[in-house]
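Structure first, then comments.
No hydrogens, no waters, no symmetry mates; every other heavy atom, side chains included, goes into these values.
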Amino acid sequence: YNSENQVVKTYTAKSNIYGGISFNFDDLDAGVYRAVAYHVEDTYYSGITNSQTFTINSYKTNTTLDVNDSSIYIGDSVNITAIVKHGDTNLTVGDVEIYDGETLITTVTAGGSFIYTPDTVGTHNLTARYLGSGNYAPSESDIVAVEVNKIDVNVLIYIENVTYPAAPVAIINASAPGTYEVYINGRPYSVTFNEGETSKTVTGITLPVGEGYEANVTFNETEKYNYASNSTTFNVVNGTITASVVVDDVTYPKQAVATVTSDVDGKYTVTIADKPYTVTVTGGTGTVNIDKLDVGDYTAELSATIANYN
């Protein structure tokens with residue numbers, strides 16, 4: 001009888017001269033059984049019944065987890081194989097539950113594999129639980145730890161030397177999406193990289209001529225990415241003025257007029273006959289009256305000293 005009190009086998013035999021009878025139960029599956037012996041009453045002996053409960057144990061199994069990598073970055077995957085053995089024999093029957101901590105992540109057949117992509121940073125303790133099959137007993141593997149790491153971010157900032165009055169333009173190259181904080185000479189800016197974007201530019205404000213201006217970029221740590229930063233220096237060099245002076249010929253005793261044209265507004269000096277005259281250029285032009293000059297040929301020389309320009 002099995003554990004549900006169903007008859008599973010019936011054996012008939014005669015006792016030996018000592019009253020003993022033996023049976024082999026090698027064709028029974030693992031389980032708990034009750035053997036009942038009956039002696040039918042005959043001419044010489046009365047009937048008798050006796051029983052004995054016994055257990056046929058399942059085959060012991062050993063379950064292990066094979067993981068192809070013990071340290072990965074978030075977003076990467078590992079290949080997990082559930083290996084179940086009875087002695088030296090690999091089993092391919094029965095289900096194996098695979099857990100991350102106490103969370104069931106999948107069920108595979110013994111000997112099967114699974115691609116797992118952890119979604120959080122940290123240590124993931126993986127185990128396999130073989131549920132048993134037929135005459136094979138359940139078993140559980142040891143813990144296999146997989147360390148999931150944050151991704152390192154590569155970020156670079158570069159600014160070419162600037163000619164006044166152009167504004168500095170920072171080129172930012174980055175390997176991760178997210179928001180980056182940019183500082184150009186201490187002035188804050190921010191730039192956001194979307195997935196797949198690797199380069200952005202940030203335009204600062206016009207700076208006076210000088211050397212060793214600093215620019216830096218930082219990326220703050222997130223659940224997926226590590227902190228990163230980079231810095232650079234750049235110079236602002238003097239701008240170039242394009243200017244000209246024109247003095248039309250006059251007939252004595254008229255006074256000549258000097259006209260200065262320039263791409264930079266400011267104060268200019270026109271020198272004629274060793275006498276300087278100041279001309280204020282606004283909106284690209286400026287004029288000044290020249291003192292009465294004697295008849296003759298004269299040369300007008302133009303000069304200027306304007307901050308941040310040659």
The test is side chain to side chain donor-acceptor pair (under 3.5 Å); show your working for E41 and S46 and say whether it passes.
CA-CA 4 Å; E41 182 178 355; S46 60; over 6 Å; no

Determine, step by step, whether I184 and V202 satisfy the side chain to side chain contact (heavy atoms under 4.5 Å, CB included) criterion, reporting the C-alpha distance in whole Å, the side-chain angles of both residues, the deciding distance to 0.1 Å, and the verdict.
CA-CA 9 Å; I184 302 176; V202 175; 4.3 Å; yes

Just do the side chain to side chain contact (heavy atoms under 4.5 Å, CB included) check on I72 and V78 with the steps written out, would you?
CA-CA 8 Å; I72 62 174; V78 290; 3.8 Å; yes

Under the side chain to side chain donor-acceptor pair (under 3.5 Å) criterion, do S244 and T261 qualify, and how do the steps go?
CA-CA 5 Å; S244 63; T261 303; 4.6 Å; no

Between T123 and N125, does a side chain to side chain contact (heavy atoms under 4.5 Å, CB included) hold up when you go through it step by step?
CA-CA 6 Å; T123 302; N125 293 319; 3.6 Å; yes

Check the pair Y33, T53 against side chain to side chain contact (heavy atoms under 4.5 Å, CB included), reporting the backbone distance first and the verdict last.
CA-CA 6 Å; Y33 296 90; T53 299; over 6 Å; no

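Between the side chain of Q255 and the backbone N or O of I290, at least one donor-acceptor pair lies under 3.5 Å. At distances below 3.5 Å, at least one donor-acceptor pair connects side-chain atoms of T61 with backbone N or O atoms of A137. No donor-acceptor pair under 3.5 Å is formed between the side chain of N154 and the backbone N or O of S175. With hydrogens and angles ignored, the 3.5 Å screen pairs a side-chain donor or acceptor of T222 with a backbone N or O of K224. In terms of modelled atom types and a separation under 3.5 Å, the side chain of D263 and the main chain of T242 share a donor-acceptor contact. Side-chain atoms of N308 come within 3.5 Å of backbone N or O of V209 as a donor-acceptor pair.
Using a 4.5 Å cut-off on side-chain heavy atoms (C-beta onward), V148 and Y73 make no contact. The shortest distance between side-chain heavy atoms of V264 and I306 falls below 4.5 Å. Two residues are said to be in side-chain contact when any heavy atoms from C-beta on lie closer than 4.5 Å; D95 and V108 fail this criterion. The closest side-chain heavy-atom distance from V84 to N62 is not below 4.5 Å. With a 4.5 Å cut-off on side-chain heavy atoms, I151 and I74 count as touching. Side-chain contact between Y252 and L293 is absent, with no heavy atoms from C-beta onward closer than 4.5 Å. Between I157 and V182, some side-chain heavy-atom pair lies under the 4.5 Å cut-off. Considering only heavy atoms from C-beta on, F193 comes within 4.5 Å of I172 through its side chain.
Looking at every heavy atom in both residues, V96 comes nearest to A110 through CG2-CA, 3.8 Å. Y130 and T63 get closest at one heavy-atom pair: CB-OG1, 3.3 Å. Among all heavy-atom pairs drawn from T127 and G101, the shortest one is OG1-O, 4.5 Å. Here the closest heavy-atom approach between residue V146 and residue L126 is recorded as CG2-CD1, 3.8 Å. Closest heavy-atom contact between S71 and N149: OG-ND2, 3.0 Å. Taking every heavy atom of both residues into account, P177 and E195 meet most closely at CG-OE1, 3.3 Å.
The OG atom of S139 sits 12.0 Å away from the CZ atom of R129 when rounded to the nearest 0.5 Å. Residue I143 holds its CD1 atom at 10.5 Å from CG of L65, rounded to the nearest 0.5 Å. With rounding to the nearest 0.5 angstrom, the OG1 atom of T117 is 9.0 Å from the CG atom of D119. Note that CD of E140 is 10.5 Å distant from CG of L131, once rounded to the nearest 0.5 Å. Note: F114 CZ to T107 OG1 = 9.5 Å, rounded to the nearest 0.5 Å. The distance from the NZ atom of K150 to the CD atom of E223 is 7.5 Å, given to the nearest 0.5 Å.
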Can you give the donor-acceptor pairs under 3.5 Å from side chains of residues 269-286 to other protein atoms, not counting sequence neighbours?
from : atom 1 : to   : atom 2 : distance (Å)
K275 : NZ     : D291 : OD2    : 2.1
Y277 : OH     : D291 : N      : 3.3
T280 : OG1    : K267 : NZ     : 3.2

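Connection of V236 to V169 is not established within any shared hydrophobic cluster, with ILVMFWY side chains joined at heavy-atom distances below 4.5 Å, either directly or through further cluster members. In the hydrophobic cluster analysis, where Ile, Leu, Val, Met, Phe, Trp and Tyr join through side-chain heavy atoms closer than 4.5 angstrom, I83 is grouped apart from I98. I171 and V217 fall into different hydrophobic clusters, defined by Ile, Leu, Val, Met, Phe, Trp and Tyr side-chain heavy atoms under 4.5 Å apart, directly or through other members. The hydrophobic clustering, which links ILVMFWY residues whose side-chain heavy atoms are closer than 4.5 Å, places Y298 and V288 together. Neither Y158 nor L207 shares a network with the other; the hydrophobic side chains, linked directly or stepwise wherever heavy atoms of I, L, V, M, F, W or Y lie under 4.5 Å apart, form separate groups for each.
Side chain to side chain, T218 and S229 fail the donor-acceptor criterion of an N or O pair below 3.5 Å. Defined by atom type and a distance below 3.5 Å, a donor-acceptor pair is present between the side-chain atoms of S262 and Y268. The closest side-chain donor-acceptor pair between Y99 and E97 falls under 3.5 angstrom. In the model, R34 has no side-chain atom that pairs as donor or acceptor with a side-chain atom of N2 under 3.5 Å.
Residues satisfying the side chain to side chain donor-acceptor pair (under 3.5 Å) criterion with Y116, sequence neighbours excluded, are D100.
At most 12 heavy atoms of other shown residues, nucleotides or ligands fall within 6.0 angstrom of atom CD in E102. The local environment of CD1 in I115 is crowded, with over 12 non-hydrogen atoms from other residues, nucleotides or ligands closer than 6.0 Å. Within 6.0 Å of atom CG in N194, more than 12 heavy atoms from other residues, nucleotides or ligands are found, so the atom counts as buried in its surroundings.
Aromatic rings from Y189 and Y183 are positioned such that their centres are separated by 6.0 Å or more. Aromatic rings of Y164 and Y309 (six-membered ring for Trp) have centroids within the 6.0 Å cut-off, being under it.
Note on ring orientation: taking the six-membered ring where Trp is involved, the planes of H86 and Y59 are tilted (angle from 30° to 60°).
For residues 199-214, the pairs satisfying side chain to side chain donor-acceptor pair (under 3.5 Å) are N173-S199, E197-K200, with sequence neighbours left out.
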